[in-house]
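My structure is below; once you've seen it, I'll send some questions.
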Amino acid sequence: MQIGVLALQGDFDAHRRRLEELGAEVVLVKKPEQLDAIDGLVIPGGESGTFLKLLGEEGFEKLKEFVHAKPTFGTCAGAILLANEVENPKQKGLGAIDIRIRRNAYGRQIDSSIREGKLLQSSLNDQPGSPLEMVFIRAPKIEHVGAAVEVIATEGTDNIPVAVRQGKVMATTFHPELSDDSRVHRVFLDLVTEAR
Ligand code: GLN
């Protein structure tokens, strides 16, 4: 099983390490044609606007084709790229998950923090409400989820969705690669195994 990590910018190396710890073979994806050889892809955090610039029109279209066909997991900026609708400012998305997401939505004081959220019982995880450490860095907020979207983790007293999935595509607004807990990546690898 070959998992690609989009390595244009951002914290791709932490994902590489985590995936390798879990036994996956990891390819750092720097060129669009590398997408042809992988079974799943992680789009890391970073700056989503910069990703768009670095991808260019052709890279964006190739990536769009991939995320509509194969398992993909986006964290933070990666989640922003995967969304249907992006606010603050408006920005184009790959349309792989029916969510509306607002960039840099937590305000200055708490935009970067470590919080404890809940991993929900879901089709991907059978441990109801188990606590999960979540690292947020200039995090976006998922403001709306469409009917086809399953919420797999929430955070805060108002249970804001922070991990979601639609079909073979997953997104988190936090950075699971920066916590010791490897459950979220394991969930993604299970998704890739299932899809093969
Ligand atoms: N603030 C970034 C953006 O809007 C995301 C931050 C992150 O990926 N840690 O793209």
Side-chain angles (χ1 to χ4, degrees), residues 3-19 26 28-30 40-57 59-60 63-64 66-67 71-117 119 132-145 149 151-156 160-166 169-185 187-188:
I3 307 293
V5 179
L6 192 63
L8 296 178
Q9 60 126 207
D11 74 335
F12 54 85
D13 214 49
H15 281 288
R16 179 185 61 77
R17 269 180 267 125
R18 172 57 48 82
L19 292 162
V26 178
L28 294 180
V29 174
K30 293 175 195 274
L41 177 71
V42 173
I43 306 179
E47 207 58 45
S48 53
T50 307
F51 271 113
L52 289 177
K53 264 190 220 129
L54 293 173
L55 281 165
E57 201 59 50
F60 183 83
L63 184 61
K64 192 168 180 176
F66 182 91
V67 303
T72 304
F73 174 28
T75 58
C76 205
I80 296 169
L81 287 177
L82 287 171
N84 268 13
E85 208 185 332
V86 180
E87 302 278 358
N88 190 37
K90 281 205 182 297
Q91 189 171 280
K92 69 176 173 179
L94 294 161
I97 293 198
D98 186 13
I99 53 173
R100 183 174 75 238
I101 195 163
R102 174 169 293 271
R103 298 177 61 192
N104 304 306
Y106 285 90
R108 284 224 174 132
Q109 289 84 14
I110 60 156
D111 66 349
S112 299
S113 56
I114 300 177
R115 286 173 254 164
E116 190 183 284
L119 192 58
L132 179 69
E133 178 185 280
M134 297 172 177
V135 178
F136 291 90
I137 303 170
R138 289 174 291 109
K141 196 181 271 183
I142 296 171
E143 294 185 320
H144 178 262
V145 299
V149 178
V151 176
I152 55 182
T154 61
E155 191 278 319
I160 293 170
V162 291
V164 291
R165 92 132 168 177
Q166 182 174 349
V169 180
M170 261 174 74
T172 64
T173 57
F174 59 98
H175 288 265
E177 77 284 6
L178 299 180
S179 293
D180 289 335
D181 196 323
S182 59
R183 282 178 292 171
V184 177
H185 283 81
V187 158
F188 176 62

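Both ligands and their constituent atoms are indexed starting at 1 by order of listing.
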Heavy atoms, side chains only, cut-off 4.5 Å: are Ser113 and Phe174 in contact?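 Of all side-chain heavy-atom pairs linking Phe174 with Ser113, none is under 4.5 Å.
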Contact between Leu41 and Leu63 at the side-chain level, heavy atoms closer than 4.5 Å - yes or no?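 Contact flag for Leu41/Leu63 side chains = yes.
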List every atom of ligand 1 that sits less than 4.0 Å from any heavy atom of Gly45, numbering the atoms from 1 in the order shown and giving each element.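 Here the atoms of ligand 1 in question are 8 (O).
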Of Leu6, Val5, Ile43, which is the lone residue that meets side chain to side chain contact (heavy atoms under 4.5 Å, CB included) with Val29?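 When side chain to side chain contact (heavy atoms under 4.5 Å, CB included) is applied between Val29 and each of Leu6, Val5, Ile43, only Leu6 qualifies.
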Which ligand 1 atoms, with their elements, are less than 4.0 angstrom from a heavy-atom of Ile80?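 Listed by number with element: 3 (C), 4 (O), 10 (O).
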For ligand 1, which atoms sit closer than 4.0 Å to a heavy atom of His175?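 Answer for ligand 1: 7 (C), 9 (N).
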Output the distance between atom NE2 (His15) and atom CG (Leu178), rounded to the nearest 0.5 Å.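 Nearest 0.5 Å value for the NE2-CG distance: 7.5 Å.
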Taking all heavy atoms of Ala7 and all of Leu28, pick out the closest pair and write down the distance.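 Between these two residues, the closest heavy atoms are CB-CB, 3.9 Å.
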Does atom NZ (Lys92) have a neighbourhood of more than 12 heavy atoms from anything else shown, all under 6.0 Å?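 Yes, enclosed.
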Decide whether an N or O pair under 3.5 Å exists between Gly46 and ligand 1.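 Yes; at least one N/O pair falls below 3.5 Å.
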Atom 7 (C) of ligand 1: the protein heavy-atom neighbour that sits closest, reported with distance to 0.1 Å: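 Looking at atom 7 (C) of ligand 1, the protein heavy atom closest to it is Cys76 SG, 2.8 Å.
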Closer than 4.0 Å to some heavy atom of Ile137 - which atoms of ligand 1 meet that?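 Ligand 1 atoms under the 4.0 Å threshold to Ile137: 6 (C), 7 (C), 9 (N).
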In terms of side-chain geometry, is the basic nitrogen of Glu177 or Arg18 positioned less than 4.0 Å from the acidic oxygen of its partner?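 Arg18 and Glu177: not salt-bridged.
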Does Pro140 reach ligand 1 with a nitrogen or oxygen that is under 3.5 Å from one of the ligand's nitrogen or oxygen atoms?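 There is no such contact.
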Tell me which one of Glu47, Glu143, Glu85 satisfies salt bridge (Lys or Arg N to Asp or Glu O under 4.0 Å) with Arg103.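 Single salt bridge (Lys or Arg N to Asp or Glu O under 4.0 Å) partner of Arg103 among Glu47, Glu143, Glu85: Glu47.
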May I ask you to list the atoms of ligand 1 that are less than 4.0 angstrom from any heavy atom of Ser48?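 So the atoms of ligand 1 that pass are 3 (C), 4 (O), 10 (O).
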Quick check on contacts: which atoms of ligand 1 are under 4.0 angstrom from a heavy atom of Asn104?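 Every atom of ligand 1 under 4.0 Å from some heavy atom of Asn104: 1 (N), 4 (O).
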Students should be able to answer this: which protein heavy-atom is nearest to atom 4 (O) of ligand 1, and at what distance?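 Residue, atom and distance for the closest contact: Arg103 NE, 2.6 Å.
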So which bit of Thr75 gets within less than 4.0 Å of ligand 1, heavy atoms only: side chain, backbone, both or neither?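 No part of Thr75 comes within reach of ligand 1.
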